[in-house]
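Okay, structure first, notes after.
Just so it is clear, the values below take in all heavy atoms, side chains as well, and ignore hydrogens, waters and symmetry mates. Here is how names work: the chains are called A, B, and so on, in the same order as the sequence lines, proteins then strands, and each is numbered from 1. Here the structure is a predicted model, which means the values were calculated and not measured.
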Amino acid sequence: MNKYKSDFIKTVTERGYLHQCTDIDALDDRAKSGIVSAYIGFDCTAPSLHVGSLLPIMMLRILQQSGHKPIVLMGGGTTMVGDPSGKDESRQLLDEKAINSNMESIKEIFSRFLKFGDGPTDAVMINNADWLTELNYIEFLRDYGKHFSVNRMLSFDSVKLRLEREQTLSFLEFNYMILQAYDFLELNRRTNCVLQMGGSDQWGNIVNGVELTRRVDAKEAFGLTTPLLTTSSGAKMGKTAAGAVWLNADMLSPYDYWQYWRNTEDGDVVRFLKLFTDLSLEEISELEKLSGAEINEAKKKLAFEATRMAHGIDAANGAAETAKQTFEEGKLGDDLPSFDIPRSDLESGIQAFDALCRAGLCSSNGEARRLIKGGGGRVNDKQIKSETETITVSDLNPDGVIKLSSGKKRHALLRAV
RNA sequence: GGAGGGAUGCCCGAGUGGCUAAAGGGGGCGGGCUGUAAACCCGCUGGCUCACGCCUACGUAGGUUCGAAUCCUACUCCCUCCA
């Protein structure tokens, strides 16, 4: 059985969230005896987070569910500097306006995974620009700079990799870890936060924060990281035909989000069920018994649960229903992307490649033509034989729509208006 | 500040006057096999027309030439070494 005493550490270890921890036994004791405040920092480089950030988000959710307090730290200040971890090259710096607008859009996501409020275990959101932009250079160097050894900083992976590859690491980026470490100290002082979590690539940054807090304020602090997630065939998580798997519905529809999870590789299903759903371990071990084509049932469950969490139960049901109708019954689902087309255009007839473009399935006429030549274009599930085949009102089904497909998985509807 | 080296399509990376819309790989898309999986095999992978053809593209701006990604000039950015 599990040797840990606290619900939090038990869950984290049992479900596969743990990669490294600075002192897991001591943290276990802390979590057993009272409320632990923990934070994870999030970047504001894009207007939405994608699946790659889901693991840290789930971590905060587990934390809250096991009776502790999650802190979402928005990197309003650190995004201005740019984290060199895992980056081959310096990243484009964003101005304050872009960062703030990204932050606004990211905020929505968290409200679906965490409960915010003023209670003892309610989540809070804090922006590190609140203190980072106020820093006085000389004062900061004197008070905190003395606690960092450059020798040591050079030994961290994020720095070492750049140096080994002889790629520039600007002094600005070199300071990122100091600022992140300072975040921890500041949060510890402001909110009594004792734990920083993050992806395994953040280990170096996290350890720095833990040490700084110990050194400056002689306070105990912990760090904990989640494993780097790849699919069992080794690919990074979060890419599909349509691009990144965003968590905001306006950047990726709940239907596509559902599809992303539905298409999980066999070998990943159980692992993902543990990491990305609220299902109990008992329920998951039932699903684990499925084999062969039955695994698809587990995938549907995974897709449903994941979508429900990110987009709500209605969206999850809608996506599941649409997928069922589309793939299993050969009918049309309501959640398929649909595009209006003037009825008059149909009356005079439009060419097949043009229709595919209008339906958003192809980005250029050439691409549509190639698709058709390759045999991947369909009108109402019938393969399009020629690029110049025309589509007319006679292709409308009784509901007044035409179903277009690119390959077997991507579908869209054209609606005559 | 001085001396060299570099900048190629989504990414990596060949190409040093015409045969280059640009090798090769990755990624992506489609087809086949399947279970809306993986692995594997095949095809496609700048735009417009798709039959020829036209346009855009090899850091930016000019120039030489019948013809340039390839030669020349200036500029921008990057790297290495020296001070």
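Side-chain contact, A/Asn296 with A/Arg262: a donor N or O sits under 3.5 Å from an acceptor N or O. No donor-acceptor contact under 3.5 angstrom links the side chains of A/Glu367 and A/Ser364, judged on distance only.
Listed candidates were B/A37, B/G47, B/G31. Nearest to the side chain of A/Arg370 is B/G47. Closest to the side chain of A/Lys408, from the set B/A38, B/G31, B/G35, is B/G31. Candidate nucleotides B/G47, B/G35, B/G30 were compared by shortest atom distance to the side chain of A/Asp266, and B/G35 ranks first. Taking only side-chain atoms of A/Trp258, from C-beta outward, the nucleotide of B/C48, B/G47, B/U36 with the closest atom is B/U36. Minimum atom distance to the side chain of A/Lys299 is reached by B/A37, of the listed B/G32, B/A37, B/G30. The side chain of A/Ser406 approaches B/G30 more closely than any other nucleotide in the set B/G35, B/A37, B/G30. Relative to the side chain of A/Leu371, the nucleotides B/G30, B/G31, B/A38 differ in distance, and B/G30 lies closest. Picking from B/U34, B/A37, B/G35 the nucleotide with the shortest atom distance to the side chain of A/Lys409 gives B/A37. Across B/G30, B/A37, B/U49, the shortest atom-to-atom separation from the side chain of A/Asn365 is found for B/U49.
B/C19 and B/U70 have their P atoms separated by 14 Å, given to the nearest Å. Using C1' as the reference atom, B/A14 and B/A7 are 15 Å apart when rounded to the nearest Å. B/G46 and B/G62 have their P atoms separated by 27 Å, given to the nearest Å. The same atom, P, is picked in B/U56 and in B/C72; the two are 25 Å apart, to the nearest Å. With both ends at atom P, the span from B/G31 to B/U36 equals 13 Å, rounded to whole Å. B/C81 and B/C12 have their C1' atoms separated by 27 Å, with the value rounded to a whole Å. Across B/C66 and B/G2, the matching C1' atoms stand 42 Å from one another, rounded to whole Å. Atom name P, nucleotides B/C52 and B/U8: the rounded distance is 32 Å, in whole Å.
With RNA chain B read from its 5' end, the first of the two nearest nucleotides for A/Ala293 and A/Gly366 is the one closest to A/Ala293.
Checked against the 6.0 Å centroid threshold, A/Phe327 and A/His411 count as a close aromatic pair.
Residues A/Lys301 and A/Glu286 are not paired through a salt bridge, judged by the lack of any N-O separation under 4.0 Å between the basic side chain and the carboxylate. Between A/Asp381 and A/Arg378, none of the side-chain N atoms (NZ, or NE/NH1/NH2) sits under 4.0 Å from a carboxylate O, so this pair counts as no salt bridge. Between A/Arg61 and A/Asp278, at least one side-chain N (NZ, or NE/NH1/NH2) sits under 4.0 Å from a carboxylate O, which counts as a salt bridge.
Looking at RNA chain B, the stems built from 3 or more consecutive Watson-Crick or G-U wobble pairs, each pair with its key distances under 3.5 Å, are B:1-7 with B:76-82, B:10-12 with B:24-26, B:27-32 with B:40-45, B:46-48 with B:53-55, B:59-63 with B:71-75.
Remark: C1' of B/C44 and CG of A/Leu356 are 15 Å apart, rounded to the nearest angstrom. Atom CD in A/Glu367 sits about 9 Å away from atom P in B/G30, given to the nearest Å. Atom-to-atom, CD1 of A/Ile295 to P of B/U36 comes out at 13 Å; the value is rounded to the nearest Å. Taking atom CZ on A/Phe353 and atom C1' on B/C44, their separation rounds to 18 Å, with Å as the unit. Atoms CG (A/Leu290) and C1' (B/A37) sit 14 Å apart, rounded to a whole Å. When the P atom of B/G31 is taken as reference, atom CD1 of A/Ile372 falls 13 Å away, rounded to whole Å. Between A/Glu297 atom CD and B/G35 atom C1' there is a gap of 11 Å when expressed in whole angstrom units. Distance, A/Arg262 CZ to B/A38 P: 11 Å, rounded to whole Å.
Relative ring orientation between A/Trp261 and A/Phe272 is described as perpendicular, the plane-to-plane angle rising above 60° on a 0-90° scale split at 30° and 60°.
For the pair A/Thr264 and B/A37, the criterion of a side-chain N or O lying under 4.0 Å from OP1 or OP2 is not met.
Looking at A/Asn205, its side chain never comes within 3.5 Å of a backbone N or O of A/Gln180 through a donor-acceptor pair.
Within the 4.0 angstrom heavy-atom criterion, base atoms lie near A/Gly292.
In this model, a side-chain donor or acceptor of A/Gln259 finds a partner on the base of B/U36 within 3.5 Å.
Side chains of A/Asp183 and A/Leu132 form a contact here, defined as non-hydrogen atoms less than 4.5 Å apart.
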